[in-house]
Structure formats: C-alpha cells, structure tokens
Amino acid sequence: KHFGTNYRLLKTISLYLRSSLQHGDAVAVEGLVPQRYFLSVGVLNRRKNYINTIKAFAQGEFALQGYHLVICGPNGDISDEIKSLAANTPSVRVMGYVSDENLRWLYKNAAIFVIPSLFEGFGMPALEAAAFGVPVVVSKDSALADAVNGLGVQVNQHDIGDIANGIQKILSM
C-alpha cells in the first residue's frame with residue numbers, strides 16, 4: 001500500500017505442495033455431493049474470517065441453490081462462535097480436522113474454494129485448492145492472491161456482500 005508492487009527485481013516464488021496431499025487415495029465425505037459445495041480450510045480462528053464467509057454464504061442464498069459450505073480445520077480462538085453461527089445457518093458444515101484422504105477428496109470435488117482471510121502469512125490452502133483446479137475466492141491485496149499468482153476472484157474481506165458477489169461471479173462463469 002505504501003511502497004507499491006511494481007519492483008523490477010521482485011518475483012513471487014511459490015512453495016512446493018505436500019506430495020502426500022497430491023498423491024494417494026481420495027476418500028469421499030459422507031453427505032456431500034461433488035461440485036455442490038464450497039470449501040474453506042484452516043484453523044478456526046478470527047484471522048481466517050469464517051464469520052464473514054458464513055454470513056456471505058447466507059446472504060448469497062447459496063443454500064437455496066443447493067450448495068453447502070464446508071469448513072475444515074482444527075479449533076482456534078473463536079471455534080465456538082464459528083460453530084454456533086454454522087449450526088444456525090442452513091447448509092453450513094464445520095468438519096474440524098480431516099485426514100489427507102478426505103481433504104484430497106474435498107479439494108478434488110469442491111465447486112469453489114473460499115478464503116477471504118483478514119491476514120495470511122502465505123496462503124497454502126488457497127495454493128492447494130488452485131493446484132487441484134478449484135477456482136478460488138481470496139482477499140484482495142493479500143498473500144492469498146500472491147500464492148495463487150493472481151488467479152481467482154479477489155474480494156474485500158471486510159465486505160460480506162463483496163464476498164457473496166465473488167462467489168456468485170465464479171458460479172456464473
């Protein structure tokens with residue numbers, strides 16, 4: 001923001017993906033239909049912005065279109081708040097930690113990967129989703145956008161309507 005991004009010698013070098021995630025069996029997750037869910041992966045904390053993600057899912061009325069929102073990740077600082085909101089929002093499922101076999105299936109079969117984080121150090125889950133060919137909705141001007149090399153739809157992570165519009169934009173492609 002203060003110094004710009006157009007540096008003659010600055011290049012983004014993506015990290016390698018875990019080979020254990022790329023190769024091996026994919027075990028289906030019961031109750032999910034391929035291409036009928038949006039996926040988000042990461043610890044259940046404030047910086048992952050799951051509250052706004054769930055609210056955007058509800059505001060966009062994606063459940064009425066037959067979609068689910070699936071959130072995977074271990075407990076964090078606001079796990080109870082996220083789980084409570086999810087329990088009161090139709091078609092939102094918080095799965096907690098999942099095995100690589102389940103995660104592989106989730107990535108392979110997601111319609112969209114949504115992660116409008118407030119802050120990211122790198123954004124490995126967005127990179128993993130992109131590697132599986134899943135279109136991504138990520139925060140503007142963030143490490144997430146850099147991790148996927150500008151691919152996907154970038155949204156204002158503080159604006160619930162913009163997150164919902166980003167999801168709808170990918171669905172309409």
Side-chain angles (χ1 to χ4, degrees), residues 26-120 123-130 132-140 142-145 147-148 152-173:
V27 176
V29 174
E30 189 176 327
L32 291 178
V33 176
Q35 299 301 311
R36 299 308 298 174
Y37 63 90
F38 311 146
L39 179 63
S40 196
V41 176
V43 66
L44 302 179
N45 65 19
R46 191 170 314 283
R47 74 179 177 89
K48 292 295 185 182
N49 206 19
Y50 289 127
I51 300 297
N52 280 358
T53 302
I54 294 168
K55 289 179 178 179
F57 181 81
Q59 182 175 313
E61 298 182 334
F62 298 111
L64 295 177
Q65 298 174 44
Y67 289 99
H68 288 81
L69 172 61
V70 177
I71 299 171
C72 300
N75 287 331
D77 63 348
I78 61 167
S79 301
D80 292 339
E81 186 179 345
I82 292 167
K83 290 175 182 177
S84 176
L85 181 59
N88 291 301
T89 306
S91 299
V92 176
R93 182 172 172 182
V94 177
M95 295 186 60
Y97 177 83
V98 296
S99 68
D100 277 354
E101 293 80 15
N102 284 140
L103 188 58
R104 193 176 299 114
W105 187 88
L106 287 164
Y107 276 132
K108 284 182 177 182
N109 292 288
I112 298 173
F113 187 80
V114 184
I115 189 160
S117 288
L118 301 173
F119 172 78
E120 280 295 331
M124 187 59 77
L127 181 61
E128 290 173 347
F132 278 98
V134 182
V136 296
V137 175
V138 297
S139 310
K140 283 183 182 176
S142 71
L144 292 164
V148 296
V153 174
Q154 297 179 34
V155 297
N156 177 343
Q157 61 270 33
H158 303 286
D159 185 335
I160 294 165
D162 198 36
I163 298 168
N165 288 339
I167 295 168
Q168 188 57 54
K169 184 175 182 179
I170 290 178
L171 288 177
S172 65
M173 290 181 179

Identify each donor-acceptor pair in which a side-chain atom of residues 39-51 lies under 3.5 Å from a protein atom, sequence neighbours left out, and give them as a table.
residue : atom : partner : partner atom : Å
Ser40   : OG   : Val114  : O            : 2.6
Asn45   : OD1  : Arg47   : N            : 3.4
Asn45   : OD1  : Lys48   : N            : 3.2
Arg47   : NH1  : Phe119  : O            : 3.1
Lys48   : NZ   : Glu120  : OE1          : 3.3
Lys48   : NZ   : Glu120  : OE2          : 2.7
Asn49   : OD1  : Asn52   : ND2          : 3.4
Asn49   : ND2  : Pro116  : O            : 2.8
Asn49   : ND2  : Gln157  : O            : 2.7
Tyr50   : OH   : Gly42   : N            : 3.0
Tyr50   : OH   : Gly42   : O            : 3.0

Quiz prompt | Passing option when Val138 is tested against Ile115, Val153, Val155 for side chain to side chain contact (heavy atoms under 4.5 Å, CB included) | solution = Ile115

Self-check item: Atom pair CZ (Phe62) and CG (Leu171), whose distance is rounded to the nearest 0.5 Å
Solution: 6.0 Å

Self-check item: Point-to-point distance, once rounded to the nearest 0.5 Å, from CD1 of Ile170 to CD1 of Ile112
Solution: 5.0 Å

Quiz item: Nearest 0.5 Å, what's the CH2-CG distance between Trp105 and Leu32?
Solution: 5.0 Å

Quiz item: Can Asn109 and Tyr37 be said to form a side chain to side chain contact (heavy atoms under 4.5 Å, CB included), step by step?
Solution: CA-CA 8 Å; Asn109 292 288; Tyr37 63 90; 3.2 Å; yes

Quiz prompt | Where Val136 and Ala126 come nearest, the two heavy atoms and their spacing | solution = CG1-O, 4.0 Å

Exercise. Under the side chain to side chain contact (heavy atoms under 4.5 Å, CB included) rule, what do Asp80 and Ile78 come out as? Steps first, then yes or no, please.
Key: CA-CA 6 Å; Asp80 292 339; Ile78 61 167; over 6 Å; no

Practice problem: Keeping to residues at least two apart or across chains, list the side-chain hydrogen bond (donor to acceptor under 3.5 Å, both in side chains) pairs with something in residues 163-173. | Solution: none

Self-check item: Donor-acceptor contact present, side-chain Asn88 to main-chain Ser84, <3.5 Å
Solution: yes

Quiz item: Got a second to check how far Ile167's CD1 is from Asp162's CG, nearest 0.5 Å?
Solution: 10.5 Å

Exercise. Give me the ring orientation class for Phe38 and Phe57: parallel if the planes are under 30° apart, tilted from 30 to 60°, perpendicular past 60°.
Key: perpendicular

Practice problem: Taking the side chain as every heavy atom from C-beta outward, state whether Arg104 and Lys108 have any pair of such atoms under 4.5 Å apart. | Solution: yes

Quiz item: Are the side chain of Ser99 and the backbone N or O of Asn102 linked by a donor-acceptor pair below 3.5 Å?
Solution: yes

Quiz item: Side chains of Asn75 and Tyr97: closer than 4.5 Å at any heavy-atom pair?
Solution: no

Quiz item: Counting distance only, does the side-chain N/O of Arg93 pair as donor-acceptor with the main-chain N or O of Cys72 below 3.5 Å?
Solution: no

Self-check item: Side-chain donor or acceptor of Tyr107 paired with backbone N/O of Phe132 under 3.5 Å
Solution: no

Practice problem: State the CD-OG1 distance between Gln59 and Thr89, to the nearest 0.5 angstrom. | Solution: 12.0 Å

Quiz item: Within a strict 4.5 Å, meaning less than it, do heavy atoms of the Pro125 and Phe113 side chains meet?
Solution: yes

Quiz item: Roughly how far, to the nearest 0.5 Å, is CE of Met95 from CG of Leu103?
Solution: 9.5 Å

Self-check item: Heavy-atom side-chain proximity of Ser117 to Leu144 below 4.5 angstrom
Solution: yes

